[in-house]
2 protein chains.
Amino acid sequence: MDVLKKITELLKENGFKVTKGRAEVLALFFKADRPLSQKEIMEMLRLDLDRASVYRILDAFTQAGLIHMAYVDGRHRVYELPGKCGAHSCHPHFSCRGCGMTACLEDFKGRYKVDLADGFVAERQKVLIEGLCPSCKGK
Amino acid sequence: MDVLKKITELLKENGFKVTKGRAEVLALFFKADRPLSQKEIMEMLRLDLDRASVYRILDAFTQAGLIHMAYVDGRHRVYELPGKCGAHSCHPHFSCRGCGMTACLEDFKGRYKVDLADGFVAERQKVLIEGLCPSCKGK
DNA sequence: TCATAAATGCGACATTGTAGCAATAAAAGA
DNA sequence: TCTTTTATTGCTACAATGTCGCATTTATGA
């Protein structure tokens, strides 16, 4: 199916008006091969979209489950399309402590099994692998 | 051994001058049963310590390896004493999406094994379990 | 096309984190 | 103990990130 059509459908399904801003932000996530921060989104956008609007769009998408907050970077919230994340498994992210680059390790199949105390409910796992990327490794 | 003595030793071992601020911040981590944010540290401190100083102390401790940055909350950096975290295992943290409370699941023994692409080096794993705590569960 | 409800732009603001510099406190030696 | 030296702190200003309210604009359904 056409990506643009898919995006329009996704937005309508979730009760969103189909606006240029929302369509393009969502399109960015479909094009991206890694989690995106608000800052990166602003830079990648072709149309002028206000900072506040981007935040509102990201919040709305997150609440609707269209994207996930990956929390990869201590300062920036980083978002991505939801993968197969669930209560007991989620593909991890890699973050380079040299350059701050983050990547999605989607083909990861491992699982944690965590026994929480009574009364606690696990909804989702987030795993971050920290280390060095090839170009920062040599320095 | 006395905690205060241990703290003094730890600071000296790492080449730090033993100041009231550093000693008390480090003591907070020994007393705490969960990861702490800069904000929480400010609120828990008895003596008046400047915001900038707390940040500098946390940075210095992190660099020296006395504490770890746990990155649990999207907005706040959250720190804790280093556990048995390594390239392929780390005790996970639990974070309640209702009240934002975070906890350390120290007795966790599981492991991820992640195959990174050539040239990438994994130094540490951070795992976050998101869900609801008992008191937020009912709401 | 028009009416309406939602989304956006704009501005102001709160919070978090950083940097420079003068004042202060800790450590070492006399 | 007193002094000197050097690191640490407090203060101030600043940058970046995120939020909020309100007027304006836009998308949608009649």
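No experiment lies behind these values; they were computed from the predicted model shown. The chains referred to below are lettered A, B, ... by the order of the sequence lines, with proteins before strands, and numbering in each begins at 1.
At whole-Å resolution of the value, CD in A:Glu24 and P in C:dA7 are 18 Å apart. Atom pair B:Asp59:CG and D:dT8:C1' shows a separation of 14 Å (rounding to whole Å applied). Here C:dT8 presents its C1' atom at 15 Å from CG of A:Leu11, a figure rounded to the nearest Å. For the pair B:Tyr55 OH and C:dT18 P, the computed distance is 7 Å after rounding to whole Å. One can place CG of A:Asp50 at 12 Å from C1' of D:dT19, the figure rounded to the nearest angstrom. Rounding to whole angstrom units, CD of residue A:Glu13 and C1' of D:dT28 are separated by 18 Å. For A:Glu40 and D:dT17, the CD to C1' distance is 15 Å, given to the nearest whole Å. Atom CG in A:Leu58 sits roughly 15 Å away from atom C1' in C:dT8 (whole-Å rounding).
Looking at B:Glu24, its side chain does come within 3.5 Å of a backbone N or O of B:Arg46 through a donor-acceptor pair. Proximity of a side-chain donor or acceptor of B:Asp50 to a complementary backbone N or O of B:Ala52 within less than 3.5 Å is detected.
A donor and an acceptor atom never sit less than 3.5 Å apart when one is taken from the side chain of A:Arg51 and the other from the base of C:dG9. In this model, no side-chain donor or acceptor of A:Lys20 finds a partner on the base of D:dT26 within 3.5 Å.
Nucleotides of DNA chain C nearest to B:Val18 and A:Arg22 differ in position, and the one nearer the 5' end is that of A:Arg22. Comparing B:Ala52 and A:Leu47, the nucleotide of DNA chain C nearest to each residue sits closer to the 5' end for A:Leu47.
The listed nucleotides are C:dA25, C:dG9, D:dT9; the one nearest the side chain of B:Lys17 is C:dA25. Among the nucleotides C:dA7, D:dG18, D:dT9, the one closest to any side-chain atom of A:Gln38 is D:dG18. Comparing atom distances between the A:Leu49 side chain and each of C:dT18, C:dA25, C:dT8 picks out C:dT8 as nearest. Distances were taken from every side-chain heavy atom of B:Arg56 (C-beta onward) to each of D:dG10, C:dT8, C:dA27; the shortest belongs to D:dG10. Taking the side chain of B:Phe16 as heavy atoms from C-beta on, and the options D:dT8, D:dG10, C:dG17, the nearest nucleotide is D:dT8. Of the candidates C:dA7, D:dT17, C:dA26, the closest approach to any side-chain atom of A:Lys39 belongs to D:dT17.
Follow the hydrophobic side-chain contacts under 4.5 Å out from B:Leu45 and you reach B:Ile7 in the same cluster. When the side chains of ILVMFWY residues are joined at heavy-atom separations under 4.5 Å, either directly or via intervening members, B:Val54 and B:Leu81 end up in a single hydrophobic cluster.
Within the 4.0 Å cut-off from OP1 or OP2 of C:dA6, not a single side-chain nitrogen or oxygen of A:Thr19 is found. Of the side-chain N and O atoms in B:Ser53, one or more sit less than 4.0 angstrom from OP1 or OP2 of D:dG10.
Taking the side chain as every heavy atom from C-beta outward, B:Met44 and B:Leu36 approach each other to under 4.5 Å.
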